[in-house]
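Report on the structure given below.
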Amino acid sequence: SQTIHQWPATLVQPVGSPLSLECTVEGTSNPNLYWYRQAAGRGLQLLFYSVGIGQISSEVPQNLSASRPQDRQFILSSKKLLLSDSGFYLCAWTTTGGAGANVLTFGAGSRLTVL
Amino acid sequence: TQLLEQSPQFLSIQEGENLTVYCNSSSVFSSLQWYRQEPGEGPVLLVTVVTGGEVKKLKRLTFQFGDARKDSSLHITAAQPGDTGLYLCAGEGDYKLSFGAGTTVTVRA
C-alpha cells in the first residue's frame, strides 16, 4: 500500500537555529512531492514541489529550501530559522484520481514553533 | 495572492441544520477538489470534480462544479457534530494544487 511518513511531528526551535523536516513515501515510484505550510486553522500555502530527483520548484521567496536526494525522499530545510517560520508543515504527494485529476495525499504534518 | 476565495470563513450551526460553503475563483481549473481537515492532522480528500456543471453526492454532502469550472460549492444536509472541521477547496493546474483559505465548520450538538 502507499503511505507517506513525515517527521518530526513536533519541533520547538530557537530563532537562528537550523531546520530539517523529512518526508518519505512508500509504495510508489517517481511521485510528485510537495511541501505546504499552514497558518493556524487556515489554508495551505505551497512552498515547494518536485517532479523528480534533484528537481525543485519554489513557489514563494522565503527563508526555506527543499531537496530531493532520492526518488521517495523530500526534505525541507533552513539554515537560520525566523519567528515567521512557525507553522504547520505538510508534505504531500499526488496520485491520479477520478477522470485523471491529480489528488493529494498528505502526511500527518510537522508542527514547528520558533521561539 | 489567493487564487481561490472561500466563504464564509467560519460557520457555526446546530445539529440537523443545513450549510453551504462556497469556493470562487477567476481562474479556470482542470479539477476542483474538496478536503476536510481535523486539528493536528493533514487534510483528507472528500471529492474531485472535473466537468463543468458536475454534481457529486457523498452521503449527506453534495458538491457542485460551476459550468465555467471556476467555482464550486459544498452543501451538507442535516449536519452532525462529526462534520465539524476545516473544509478546504483546491484547484488543480500545472502539476500543483492551490488552496483556498478554508471554512471552519462547527456543528453543535
Side-chain angles (χ1 to χ4, degrees), chain A residues 2-11 21 23 25 30-52 55-60 66 87-113, chain B residues 1-12 21 23-25 29-52 54 56 58 63 65 69 72 84-106:
Chain A
Q2 300 155 338
T3 57
I4 181 167
H5 302 281
Q6 191 179 335
W7 70 92
T10 306
L11 199 58
L21 300 179
C23 172
V25 296
N30 197 31
N32 291 343
L33 296 172
Y34 304 81
W35 278 111
Y36 284 88
R37 179 168 59 200
Q38 185 177 33
R42 304 310 298 151
L44 280 67
Q45 179 188 33
L46 179 61
L47 302 176
F48 301 95
Y49 69 95
S50 172
V51 299
Q55 300 178 62
I56 308 294
S57 296
S58 174
E59 285 297 294
V60 293
F88 192 48
Y89 289 83
L90 289 154
C91 178
W93 63 291
T94 48
T95 54
T96 301
N102 291 309
V103 298
L104 288 166
T105 299
F106 286 90
S110 297
R111 172 82 54 196
L112 171 65
T113 303
Chain B
T1 303
Q2 196 76 49
L3 288 178
L4 290 150
E5 298 289 337
Q6 277 189 248
S7 61
Q9 184 174 344
F10 299 97
L11 197 54
S12 180
V21 177
C23 177
N24 297 295
S25 175
F29 297 104
S30 57
S31 76
L32 199 295
Q33 301 168 23
W34 286 92
Y35 293 77
R36 180 168 167 270
Q37 185 179 20
E38 301 271 3
E41 299 180 8
V44 176
L45 179 71
L46 293 173
V47 78
T48 302
V49 285
V50 296
T51 305
E54 182 177 2
K56 279 193 175 179
L58 190 68
F63 304 85
F65 202 12
R69 291 188 293 132
S72 180
T84 294
L86 178 66
Y87 289 82
L88 297 156
C89 67
E92 180 187 4
D94 297 330
Y95 293 113
K96 53 196 177 185
L97 278 85
S98 300
F99 282 81
T103 297
T104 300
V105 173
T106 303

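Bear in mind the structure is a predicted one, so any value in this text is a computation, not a measurement. The chains referred to below are lettered A, B, ... by the order of the sequence lines, with proteins before strands, and numbering in each begins at 1.
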What pair of heavy atoms forms the shortest contact from [X] to [Y], and how long is it?
X: A:Gly43; Y: B:Leu88; result: CA-CD2, 3.8 Å
X: B:Phe99; Y: A:Leu44; result: CB-O, 3.7 Å
X: A:Phe88; Y: B:Glu41; result: CE2-O, 3.6 Å

Cut-off 4.5 Å, heavy atoms of chain A, and the answer for B:Gln37 is side chain

Bottom line for B:Ser30: the part with an atom under 4.5 Å from chain A's heavy atoms is neither

Where do A:Thr94 and B:Glu92 land on the side chain to side chain contact (heavy atoms under 4.5 Å, CB included) test, with the steps shown first? CA-CA 11 Å; A:Thr94 48; B:Glu92 180 187 4; over 6 Å; no

Residues passing the salt bridge (charged side-chain N to carboxylate O under 4.0 Å, His left out) test with A:Glu59, sequence neighbours excluded, are B:Lys96

So, the part of A:Leu46 with a heavy atom under 4.5 Å from chain B: the answer is side chain

Applying a strict 4.5 Å limit to non-hydrogen atoms, the region of A:Gln6 in contact with chain B is neither

The reported gap from CG in A:Asn102 to CD in B:Gln33 (rounded to nearest 0.5 angstrom) is 8.0 Å

List the steps and the verdict of side chain to side chain contact (heavy atoms under 4.5 Å, CB included) for A:Tyr34 and B:Leu97. CA-CA 10 Å; A:Tyr34 304 81; B:Leu97 278 85; 5.6 Å; no

